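What follows is one structure encoded as structure tokens, with my remarks underneath.
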Protein chains: 2
Amino acid sequence: MSHTLGVRQAKKQKTRQALLDAALGLLEEQSLSSLGLREVTRAVGVAPTAFYRHFQSTADLGVALVEEALGSLHPMIAGTVSAAGDGDERIDRAVDLIARHVREYPAHIRFVARERNGGVQKVRAAIAEQLDRFTGEVKAELAKHPESAGWSDDDLLMLAGLYVDQMLMTACNFLEAPAEEQDQVARVATRRMRLISIGSRHWLG
Amino acid sequence: MSHTLGVRQAKKQKTRQALLDAALGLLEEQSLSSLGLREVTRAVGVAPTAFYRHFQSTADLGVALVEEALGSLHPMIAGTVSAAGDGDERIDRAVDLIARHVREYPAHIRFVARERNGGVQKVRAAIAEQLDRFTGEVKAELAKHPESAGWSDDDLLMLAGLYVDQMLMTACNFLEAPAEEQDQVARVATRRMRLISIGSRHWLG
DNA sequence: CCATGCAGTTAACAACTGTTCTCCGTAAGA
DNA sequence: TCTTACGGAGAACAGTTGTTAACTGCATGG
């Protein structure tokens with residue numbers, strides 16, 4: 001087990017997390033490339049220069065946020081594909097999992113959706129890498145199911161990517177939709193994934 | 001026919017276009033919410049105050065860019081779905097059309113992809129509106145084909161949205177991929193759309 | 001218990017931002 | 001031809017930005 005880190009490092013990680021949280025909050029109404037270092041420290045209530053003790057640029061902060069945001073997204077994606085039940089039942093469960101996750105960590109998925117094609121190269125690369133990892137995991141999960149017997153690795157990866165992209169877009173739609181339209185978003189997302197699932201069942205032959 | 005607009009208005013629209021072009025160029029390496037008014041005018045070689053003669057904020061400039069970027073995207077989407085030939089042939093032609101369009105207007109699609117979930121509300125709304133319009137057109141085109149007989153309006157709209165999103169993501173993948181991987185992007189995109197097409201053929205019943 | 005190291009502060013820097021006001025030249029319309 | 005309207009220039013404004021330097025207080029390890 002890890003040593004109980006000293007009071008010193010504990011305080012440091014505390015303000016570091018405060019910086020990350022404040023940044024995530026500010027990023028709900030702007031993109032990373034316009035996020036100022038002073039803006040973040042001001043929101044935390046700390047001197048601007050303290051920022052450099054933790055990150056050497058806002059781009060670095062962004063990369064750290066990618067870890068945090070997609071780290072929380074990780075178990076969701078795993079649960080999405082490995083859910084039990086038959087095809088349609090699994091899809092319903094997956095969409096529900098996505099909706100629940102969006103309600104719990106809205107800022108996380110907003111950040112990922114926004115910066116996936118955002119203006120900061122390093123952050124884009126970090127997101128792409130993590131998303132590729134997810135796609136690989138989904139592919140592995142897909143390979144376990146009997147329905148995908150005889151599939152080539154390439155085709156499995158293609159299907160996994162399709163699902164991952166679909167999940168992210170669905171999450172984004174949940175985010176943008178007002179409360180009274182959430183059900184409709186869920187219905188459309190379900191039908192989309194069902195169509196993909198049908199397509200995959202008739203892919204071979 | 002429209003009157004030949006005077007020398008005055010011609011000059012005005014010329015610098016207006018110069019502002020749009022310069023902004024589009026600058027936006028390849030940052031997002032709209034960090035684009036400065038002075039930055040744009042400096043790139044054009046015009047006084048900062050001249051900006052206000054054309055737009056009242058960079059957000060307004062962004063909305064104008066949406067019109068331009070998705071205006072150029074319009075014929076492509078139309079051609080994508082209405083292409084002749086059988087299913088697989090149509091898909092190949094569509095992917096090729098997308099690749100060609102990306103090579104011709106890279107900045108346009110980069111802008112749309114980046115600001116679709118970007119930090120500027122008005123621009124996001126403008127993009128969403130235009131994309132919805134496109135989805136409607138694709139749906140109308142889909143309805144003409146005999147394969148979609150018996151489909152409900154809702155399902156047609158769902159499928160059209162799936163295709164539109166897929167096109168945009170494909171375009172984005174072309175943009176990010178280096179020259180030697182373009183073929184692979186095309187192959188994956190083709191297989192994705194083929195799977196969707198297969199799914200749509202088995203959707204009913 | 002004391003010396004060292006480090007998180008955080010304060011002050012200052014040049015550079016940059018959006019915006020306003022005043023002015024200039026000239027195309028447009030009478 | 002004369003007046004007006006308008007695209008654009010110029011200067012100035014208060015406020016902001018990232019970054020540096022030297023400083024302070026305190027937890028840490030010997």
Side-chain angles (χ1 to χ4, degrees), chain A residues 2-27 29-65 115 118-123, chain B residues 1-23 25-27 29-65 115 118-123:
Chain A
S2 66
H3 256 144
T4 316
L5 26 55
V7 179
R8 193 119 197 192
Q9 302 214 6
K11 285 270 181 189
K12 175 167 186 179
Q13 288 201 352
K14 196 175 168 186
T15 69
R16 184 192 140 101
Q17 191 58 44
L19 288 170
L20 287 171
D21 291 349
L24 205 57
L26 292 166
L27 284 174
E29 286 163 344
Q30 63 185 308
S31 20
L32 184 65
S33 72
S34 70
L35 182 68
L37 162 164
R38 295 181 102 106
E39 204 176 345
V40 179
T41 59
R42 191 186 314 133
V44 175
V46 86
T49 49
F51 185 92
Y52 293 107
R53 302 286 182 195
H54 305 275
F55 314 99
Q56 61 171 336
S57 70
T58 53
D60 261 30
L61 205 188
V63 174
L65 275 179
E115 301 302 330
V120 184
Q121 218 272 328
K122 282 171 78 172
V123 173
Chain B
M1 54 180 278
S2 66
H3 256 145
T4 315
L5 25 55
V7 178
R8 195 115 196 199
Q9 300 215 7
K11 285 270 181 189
K12 176 168 185 179
Q13 287 201 351
K14 195 176 168 184
T15 69
R16 185 192 138 100
Q17 190 58 45
L19 288 170
L20 288 170
D21 292 349
L26 292 166
L27 283 174
E29 285 163 344
Q30 64 185 307
S31 22
L32 185 66
S33 73
S34 71
L35 183 68
L37 162 165
R38 293 182 104 105
E39 203 176 346
V40 180
T41 58
R42 191 186 315 132
V44 176
V46 87
T49 49
F51 184 92
Y52 292 106
R53 303 286 181 193
H54 304 275
F55 313 98
Q56 62 171 338
S57 70
T58 54
D60 261 30
L61 204 188
V63 174
L65 274 179
E115 301 303 329
V120 184
Q121 219 271 329
K122 283 172 78 173
V123 173

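All chains are named by letter (A, B, ...) in the order of the sequence lines, taking the proteins before the strands, and each is independently numbered beginning at 1. Just so we're clear, the structure is a prediction, and the values are computed from it rather than from any experiment.
Counting to the nearest Å, the C1' atom of D/dT28 and the NZ atom of A/K11 are 16 Å from each other. Computed from coordinates, the B/Q13 CD to D/dC6 C1' distance equals 15 Å when rounded to whole Å. As a whole-Å value, the separation of B/K12 NZ from D/dA5 C1' is 12 Å. Rounded to whole Å, the distance from CZ on B/R53 to C1' on C/dC23 is 11 Å. Rounded to whole angstrom, the span from the CZ atom of B/F55 across to the P atom of D/dG7 amounts to 13 Å. We find that NZ of A/K14 is positioned 15 Å from C1' of C/dG8, with the value rounded to whole Å. Atom-to-atom, CZ of A/F51 to C1' of D/dT17 comes out at 13 Å; the value is rounded to the nearest Å. Spacing between atom CD of B/E39 and atom P of C/dC16 amounts to 11 Å, rounded to whole angstrom units.
Between B/H54 and B/K12 the shortest side-chain heavy-atom distance falls below 4.5 Å.
Distance check, rounded to the nearest 0.5 Å: CD of B/Q9 to CD of B/Q13 gives 7.0 Å. To the nearest 0.5 Å, the span separating OG1 on A/T58 from CG on A/L19 amounts to 12.0 Å.
Listed here is the closest heavy atom pair of A/S31 and A/L27: C-CD2, 3.6 Å.
Residue A/R42 has its side chain nearest to D/dT17 when only C/dT20, D/dT17, C/dG8 are considered. The side chain of A/A47 approaches C/dT10 more closely than any other nucleotide in the set C/dT10, D/dA9, D/dT17. Comparing C/dT9, D/dG8, C/dT19 by their closest approach to the side chain of A/V46 singles out C/dT9. The side chain of B/Y52 has C/dG18 as its nearest neighbour among C/dA28, D/dT17, C/dG18.
Residue B/A50 is the one, among A/Q9 and B/A50, whose nearest nucleotide of DNA chain D lies closer to the 5' end (criterion: closest heavy atom).
Donor-acceptor pairing under 3.5 Å, judged by distance alone, is present between the side chain of A/T49 and the base of C/dT10. You'll find a donor-acceptor pair under 3.5 Å spanning the side chain of B/R38 and the base of C/dG18, going by distance alone.
If you run side-chain contact (heavy atoms from CB on, under 4.5 Å) between B/V123 and each of B/V63, B/L65, B/L61, only B/V63 comes through.
Residue contacts for B/T15: at a heavy-atom cut-off of 4.0 Å it reaches the sugar-phosphate backbone alone, with no base atom in range.
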